[in-house]
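Both backbone and side-chain heavy atoms feed into the values below; hydrogens, waters and symmetry mates do not.
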Amino acid sequence: MKILPFLFLFWSACAFAQKAPPRPNILFAIADDWSFGHAGAYGCKWVKTPSFDRVAKEGILFNNAYSTCHVCSPSRASILTGKYPARINLTEWLGGRPERDYELLHHGEKLTALPDEEVTLAETLKRHGYATANYGKAHLRVDPKAYGFDEEITGWVRSYHYPFGSAYNEKLSAKKGDYYTDKLTDAALDFMERNKDRPFFVHLEHFAVHDPIQGRPDLVEKYQKKLTAIPKQDGPDFILEVNPDGPALTTEELTALAENDELQVHQDARVWWVKQKQDNVEFAGMLEATDESLGRIRKKLKD
């Protein structure tokens with residue numbers, strides 16, 4: 001086992017003795033709340049995702065992999081630092097959820113921002129001559145320029161229809177009628193064009209498909225027509241489910257809770273209405289707009 005470090009150093013030394021390899025351009029795109037069943041490559045029949053499916057066909061399709069955390073800030077910090085959230089002590093979305101009386105364990109001490117001492121992917125690439133940019137939902141409570149990005153247009157979205165809210169109203173070139181996902185993509189494409197003669201790293205963090213659920217009007221219309229044309233799906237639109245780590249409930253108890261549809265009653269019982277059908281035309285419009293973004297990015301990289 002002790003020979004492995006030697007072999008690693010040996011091959012590193014050989015690599016430096018040769019001509020340095022070209023540095024590839026890097027585009028890391030992430031979509032918030034995009035689940036396993038929202039792409040054609042994973043079996044979705046409701047929304048068309050040709051760009052995503054093409055990436056899956058030409059690259060790698062993961063069917064047994066997990067993010068490092070089920071919420072946004074920790075998983076984003078993990079991507080940028082290469083560490084599990086517990087190693088950074090950033091284990092919850094920044095802003096945080098309130099304590100609940102029914103919880104057996106309550107929060108320990110935790111960070112409220114990405115630590116300054118962490119070395120990020122952007123900082124590392126910048127040291128190697130890359131132009132770096134961050135667009136979208138960074139959600140780490142720190143100006144992305146503080147951890148290695150040359151340019152940033154980030155923040156929270158209040159509306160996908162202009163005006164978008166936050167800093168986007170000033171930093172994104174947009175007007176009435178523009179759609180947020182499209183304009184965020186425009187910003188990324190502009191950066192790539194301006195830096196086409198040097199290696200670049202673009203971290204494109206789509207806010208979609210996080211709420212508010214607002215599709216692009218032309219795509220919403222498209223899926224409204226599609227919904228009207230297809231047969232009505234069998235089964236209930238929603239079912240009431242218990243929280244996986246909550247107490248088990250009998251069928252009779254669930255039926256009673258379904259009839260007493262009060263938010264506080266359901267929160268106290270830790271049950272939730274869970275949608276069973278893919279028929280939300282606004283959500284479909286968000287998904288396809290995000291897929292279109294990926295197609296535009298791929299075309300720009302090819303050009």
Side-chain angles (χ1 to χ4, degrees), residues 30-57 60-67 69-72 75 97 102 157 159-161 179-181 206-295:
I30 182 170
D32 209 29
D33 290 351
W34 186 307
S35 77
F36 188 88
H38 288 152
Y42 286 112
C44 179
K45 300 289 194 296
W46 166 237
V47 181
K48 297 299 182 184
T49 56
S51 300
F52 185 99
D53 300 344
R54 194 172 299 116
V55 170
K57 184 177 180 180
I60 298 173
L61 184 67
F62 291 96
N63 55 21
N64 188 18
Y66 302 87
S67 62
C69 191
H70 66 293
V71 289
C72 39
S75 53
R97 57 184 293 276
Y102 56 71
V157 167
S159 171
Y160 283 86
H161 308 297
Y179 190 66
Y180 169 76
T181 301
H206 281 295
F207 204 90
V209 291
H210 193 288
D211 62 7
I213 306 303
Q214 298 171 335
R216 203 174 72 205
D218 61 314
L219 295 175
V220 172
E221 182 181 1
K222 168 185 173 179
Y223 282 98
Q224 187 62 61
K225 291 178 179 177
K226 180 177 180 178
L227 184 63
T228 304
I230 61 176
K232 184 174 176 57
Q233 301 176 57
D234 294 331
D237 292 339
F238 293 84
I239 62 172
L240 200 61
E241 288 189 355
V242 298
N243 192 297
D245 62 351
L249 298 178
T250 65
T251 302
E252 290 76 16
E253 288 172 325
L254 278 173
T255 300
L257 286 165
E259 294 173 353
N260 185 5
D261 191 18
E262 294 185 13
L263 177 61
Q264 190 59 53
V265 172
H266 284 195
Q267 287 184 345
D268 292 342
R270 304 189 68 198
V271 295
W272 321 94
W273 286 110
V274 180
K275 189 168 176 59
Q276 300 299 294
K277 300 174 183 176
Q278 290 189 337
D279 60 5
N280 187 319
V281 296
E282 294 282 348
F283 191 74
M286 298 179 79
L287 283 169
E288 186 163 335
T290 308
D291 186 76
E292 281 186 8
S293 168
L294 179 59

Checklist entry - Can you tell me how far NZ of Lys275 sits from CG of Asp237, rounded to the nearest 0.5 angstrom? => result 5.5 Å
Item to check | Interatomic distance, His38 atom NE2 to Thr290 atom OG1 [nearest 0.5 angstrom] | outcome: 11.0 Å
Checklist entry - If every non-hydrogen atom of Asp291 is compared with every non-hydrogen atom of Ser51, which pair is closest and at what distance? => result OD2-N, 3.0 Å
Item to check | Heavy-atom pair of closest approach, residues Leu219 and Gly285 | outcome: CD1-O, 3.4 Å
Next on the checklist: side-chain contact (heavy atoms from CB on, under 4.5 Å), that's the test. Do Trp273 and Asp261 meet it? Break it down for me.
Outcome noted: CA-CA 10 Å; Trp273 286 110; Asp261 191 18; 2.9 Å; yes
Next on the checklist: Working note: Asn280 + Trp46, criterion side-chain contact (heavy atoms from CB on, under 4.5 Å); need CA distance, chi angles, decisive distance, verdict.
Outcome noted: CA-CA 10 Å; Asn280 187 319; Trp46 166 237; 5.6 Å; no
Checklist entry - Which pair of non-hydrogen atoms, one from Asp32 and one from His210, has the smallest distance, and what is that distance? => result OD2-CD2, 3.1 Å
Checklist entry - Got a donor-acceptor contact below 3.5 angstrom from the Tyr42 side chain to the Phe62 backbone? => result yes
Next on the checklist: Rounded to the nearest 0.5 Å, what separates atom CD in Glu259 from atom CG in Leu254?
Outcome noted: 11.5 Å
Next on the checklist: Does Ile230, at its CD1 atom, have more than 12 non-hydrogen atoms belonging to other residues, nucleotides or ligands within less than 6.0 Å?
Outcome noted: yes
Checklist outcome for this item: Here the pair of heavy atoms bringing Pro212 nearest to Val157 is CD-O, 4.1 Å
Checklist entry - Below 4.5 Å, heavy atoms only, C-beta onward: do His161 and Tyr179 meet side chain to side chain? => result yes
Next on the checklist: With heavy-atom distances below 4.5 Å as the criterion, would you say the side chains of Phe52 and Val47 are in contact?
Outcome noted: no
Next on the checklist: Can you give me the closest heavy-atom contact between Lys277 and Gln233, atom names plus distance?
Outcome noted: NZ-O, 3.1 Å
Next on the checklist: Would His266 and Leu257 count as a side-chain contact (heavy atoms from CB on, under 4.5 Å) here? Give the steps.
Outcome noted: CA-CA 7 Å; His266 284 195; Leu257 286 165; 4.3 Å; yes
Item to check | Spatial distance of atom CE (Met286) from atom OH (Tyr223) [nearest 0.5 Å] | outcome: 13.5 Å
Next on the checklist: I'd like to know whether Asp211 forms a side-chain contact (heavy atoms from CB on, under 4.5 Å) with Asp33, so could you lay out the CA-CA distance, the side-chain angles of the two residues, the decisive distance to 0.1 Å, and finally the verdict.
Outcome noted: CA-CA 9 Å; Asp211 62 7; Asp33 290 351; 5.9 Å; no
Checklist entry - Under 3.5 Å, is there a donor-acceptor pair linking the side chains of Tyr180 and Gln214? => result no
Checklist entry - So, does Glu241 use its side chain to make a donor-acceptor pair with the main chain of Trp272 at under 3.5 Å? => result no
Checklist outcome for this item: So NZ of Lys48 and NZ of Lys222: to nearest 0.5 Å the spacing works out to 8.0 Å
Next on the checklist: Please give me the minimum heavy-atom distance between Ala258 and Leu240, naming the atom from each residue.
Outcome noted: N-CD2, 3.6 Å
